[in-house]
Every structure is written in structure tokens, then in C-alpha cells.
Amino acid sequence: MEQNKENMMVAALENGSVIDHIPTNKLFTIVQLLDLEKFKEEVVIANNLKSQVMGKKGLIKISGKFFSEAEISKLAVVCPNIRLTVIKDYEVKEKREVTLPEKLTNIVKCANPVCITNNEPMKTVFYRKDMETLKCRYCGKEQKLKDIKLK
Amino acid sequence: MENRSIVSIADYGKEKIQYLLDMAAEFEAHPNRQILKGKVVATLFFEPSTRTRLSFETAANRLGARVIGFTDPKVTSSSKGETLKDTIKMVSNYADVIVMRHKLEGAALYASEVTNVPIINAGDGSNLHPSQTMLDLYSIYKTQGTLENLNIYMVGDLKYGRTVHSLLMSMRKYNPTFHFIAPKELEMPEEYKLYCKQNNINYIEQQDFTEDTIADADILYMTRVQRERFTDLMEYERVKDAYILKTNMLGKCKENMKILHPLPRVNEIEYDVDESQHAYYFDQAQNGLYAREALICDVLGITLDQIKNDNTIIG
């Protein structure tokens, strides 16, 4: 039943993206990150939907929106393991589990105040050490994903 | 073009390290040459460091290169707000190699990414200082005849001591046994102990610094215990004299044991220890010259063979 309901929501989208499997406590962080408040087209934001895998989950459906790789990377940092579905002409064009990429360019801010990246107009680069830890290419300092600030 | 910069030597393998040690030994045998005649070496010291700068400039001069640069960022355009990138780009038009010291971590790596001129990192904040590591390795190799299977005692400030961290990492393939002797507040950080475990490096931690605890050392690497590192000044008062090396502590030590110190020393090695056959810290500083001659030549693509068959040797 729940699965059908979800399918209906996705199917109802002509062109756009669906972000699924969002932990309920991260839903509004993502809303804020994507600046959905200013978005002019149809947006559906749902929370506490039943999920077999997660118990409860959040879901966002955005009409006319297709994410760039940089945006997807940001989503992955804030909220690893979400699912992204791309809809074109009512059909699912792509479905992917968004995981933390091995390399993040200009997504994350280094927490080390004496890192060169915080003192020079330049792009930051971080490498994934494990699923919870990123390492700055320049100063070598490691940061936990939960403490990360986006650039 | 291949970027030959030396930002870090932490990931150098044994072969590359041995190659640089052999090169340094050639320079020790014949330090004065004209092999870099016609070359310009820039020394950009965005942060003052007299010792390191003099060593690099001497190395360049003794190989026949000319030296340009600055010793204090206050006199440069970086004080007017010029970016590091722009300064490096500008100097790249003039110099064949750039030796740089910067207070910010990662500055040397970033510099190496914005130019084709090789960069030698002469220290970037508390991050890396590969020429110091190279001269430490050369000093150990020279005095022990090998880098393999040594008992290396690190004493003093192991928390903030950049040199001990770099040395620890660059020794990982030589089966060392480390002894970390430090006050609780300045003990070896967890990440380096983890590094040891991951790389199967033996280490022993202790707080006692006595004649008996150092009897087994091949290398005694001393560092400064600085007052400003302590949050608890009572703790500083309690430990400040516990990590001073005195002559009467050398009675049981091994014949081959050498005392290293990155300098400057304050009071952590008593002055009469200087007379001991084990004192090596001033020779260590001199080895810095040979190590830096090797690094400059290496980034310029000059090979060990060329250095061995060099006909520009003076005197």
C-alpha cells in the first residue's frame, strides 16, 4: 500500500527529481540546502512516511529540477545514502543511491582556520577516508561528516 | 610537464629515500660545485625562519646558483593583499626553483599546483617540513650506518612537535621501535599511535626520562617542552625539569647512541652534554646543508649519476 502511494507520487511528476530515503531529522536541512523556499515550481515535501528499510523517512519531489553533480555531492555530504530519481515525461530515467563521493571539490569548508583554503581564493578538495570522515587535501586534517560545514 | 616539487616525503619509498641519502653523501664529500651555475633559486619566506633560510641559501650558493627572495612577508606585496597564487606566478617567471616557507598549512601543495616551477616546501605551518625530515634521516643513516631496526627515543613535546611526526612516518618501512617519552599533556597524539598500529610499527610510551629508560637507545631525539603549550601551568612547573638531558644520564647508553635535536635548544639539553661523544645536534644541522643540496638538485632533475660524474667540483 505504502509502496503504491509512493509510486503515485513519483509517477505524478512529469519532469523533475525525487529525493527519497531521507532520514526524518534531515528533511528540513535538505529543504534549506536546496533553497526550496524560493522555488517557483511544484514542490512536495513529505515527512514521517512509513519505510520498510528506515522505519520512517522523508521525501521531496521537485518539478522541473535536475541536479548537477555538485548539488548531488552536497546532498551526499549532508545526508549520505539518499535515493535520487530523475523523471522525464512521466518515466523514471535514472534511479541512484547517492553515496559520499571519493573526492569532493569545492563542496566542503575546511574546519582548520590555518588551512590555506580558508585564506586564499581557491577551491577546497576533500577525500573520503571512510563513510564518516573526510580529509582535506591541503592541510591533511580530518573531519567527521556530522561536523561538516558546506562552502 | 612532470611536477618535481617536494611538498612531503612522507610517502617516499625506501628506494627514493636511499637515492636522496646517497646524493647527500656525495654533497658531503664535495659540497662546493658549479652544477647549478646559471640557475636562480628563489627563497620565499612568508614566515621568518632564519635557520632554514640560511641553510637553503647556503646550499644554493655552494652549488653555484644565484638566490633571490624575501625573508619577511612585511616587505612583500602579500602584505598588500596579494594572493599566494599571484606571488608564486610572478616569481615563477624569474626562478628555476622556489623554496617557500609559509605559516598556513597546505600552502606549499597549493603553490605546486599553480606553477610548473618546482616548489620545495621549507615548512607550511605545523603541517610538513620535508627538508628537516631528510636531514634527520641522513643524520641517523650516517651515524648508525643503516635506517633499519633502530631504537628511536623521542623526548619532550611529542604533541606539537612537527619534526617527530614527520620522522615517525618516514621511518615506517625500516622496522623501528619508537619510545615516546613525554609528559601527559604533550604525549604523542592518538592519530600517530594509530598510524603506528596500522603500519605495524612498535612503540612504547613512558613518562620517565632516566639513565635506565634511555639505556637501549640508538637515537635520542630531543625536543623543546614549551611553556606556552600547557593549559595547566602548574603541570608545566611540575614537568619542566623532568625532560632535561644531563650528562649523568649518559652513563649506561650504547656506544653508538647519538643525540639529535632540531634546534633551537633552550634548556632541554644541558650545555655540558655538548662535550659528549653522543652529542650530534650541531653536526645534524650541518647535514641539513647536504640534504638541501640534494633536494634542490632532485627537483631540478639532476640525477645521482650526474652528481657522481660532476666535473664542476671546486676544491
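Here is how names work: the chains are called A, B, and so on, in the same order as the sequence lines, proteins then strands, and each is numbered from 1.
- Formation of a donor-acceptor pair under 3.5 Å by the B:Arg224 side chain with backbone atoms of B:Gly156 is not found in this model.
- Test B:Asp136, B:Leu135, B:Val164, B:Thr163 against B:Pro262 for side-chain contact (heavy atoms from CB on, under 4.5 Å) and you get one pass: B:Thr163.
- Not counting sequence neighbours, the partners of B:Tyr203 by the ring pair (Phe, Tyr, Trp, His ring centres under 6.0 Å) test are B:Phe180.
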Please tabulate, one pair per line, the N or O donor-acceptor pairs under 3.5 Å between chain B and chain A.
{"from": "B:Leu84", "atom 1": "N", "to": "A:Glu120", "atom 2": "OE1", "distance (Å)": "2.9"}
{"from": "B:Leu84", "atom 1": "N", "to": "A:Glu120", "atom 2": "OE2", "distance (Å)": "3.0"}
{"from": "B:Lys85", "atom 1": "N", "to": "A:Glu120", "atom 2": "OE2", "distance (Å)": "2.8"}
{"from": "B:Glu105", "atom 1": "N", "to": "A:Val114", "atom 2": "O", "distance (Å)": "2.8"}
{"from": "B:Glu105", "atom 1": "O", "to": "A:Ile116", "atom 2": "N", "distance (Å)": "2.9"}
{"from": "B:Glu105", "atom 1": "OE1", "to": "A:Asn112", "atom 2": "ND2", "distance (Å)": "2.9"}
{"from": "B:Glu105", "atom 1": "OE1", "to": "A:Lys141", "atom 2": "NZ", "distance (Å)": "3.1"}
{"from": "B:Glu113", "atom 1": "OE1", "to": "A:Tyr138", "atom 2": "OH", "distance (Å)": "2.4"}
{"from": "B:Glu113", "atom 1": "OE2", "to": "A:Arg137", "atom 2": "NE", "distance (Å)": "2.7"}
{"from": "B:Glu113", "atom 1": "OE2", "to": "A:Arg137", "atom 2": "NH2", "distance (Å)": "2.5"}
{"from": "B:Glu113", "atom 1": "OE2", "to": "A:Tyr138", "atom 2": "OH", "distance (Å)": "3.3"}

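- Checking side-chain atoms of B:Ser170 against main-chain N and O of B:Leu167 turns up a donor-acceptor pair under 3.5 Å.
- The residue among B:Leu84, B:Leu128, B:Val7, B:Leu104 with the most heavy atom pairs within less than 4.5 Å of chain A is B:Leu104.
- Between the side chains of B:Ser131 and B:Arg292, at least one donor-acceptor pair of N or O atoms lies under 3.5 Å.
- The two residues A:Leu145 and A:Pro80 make their nearest non-hydrogen contact at CD2-CG, 3.6 Å.
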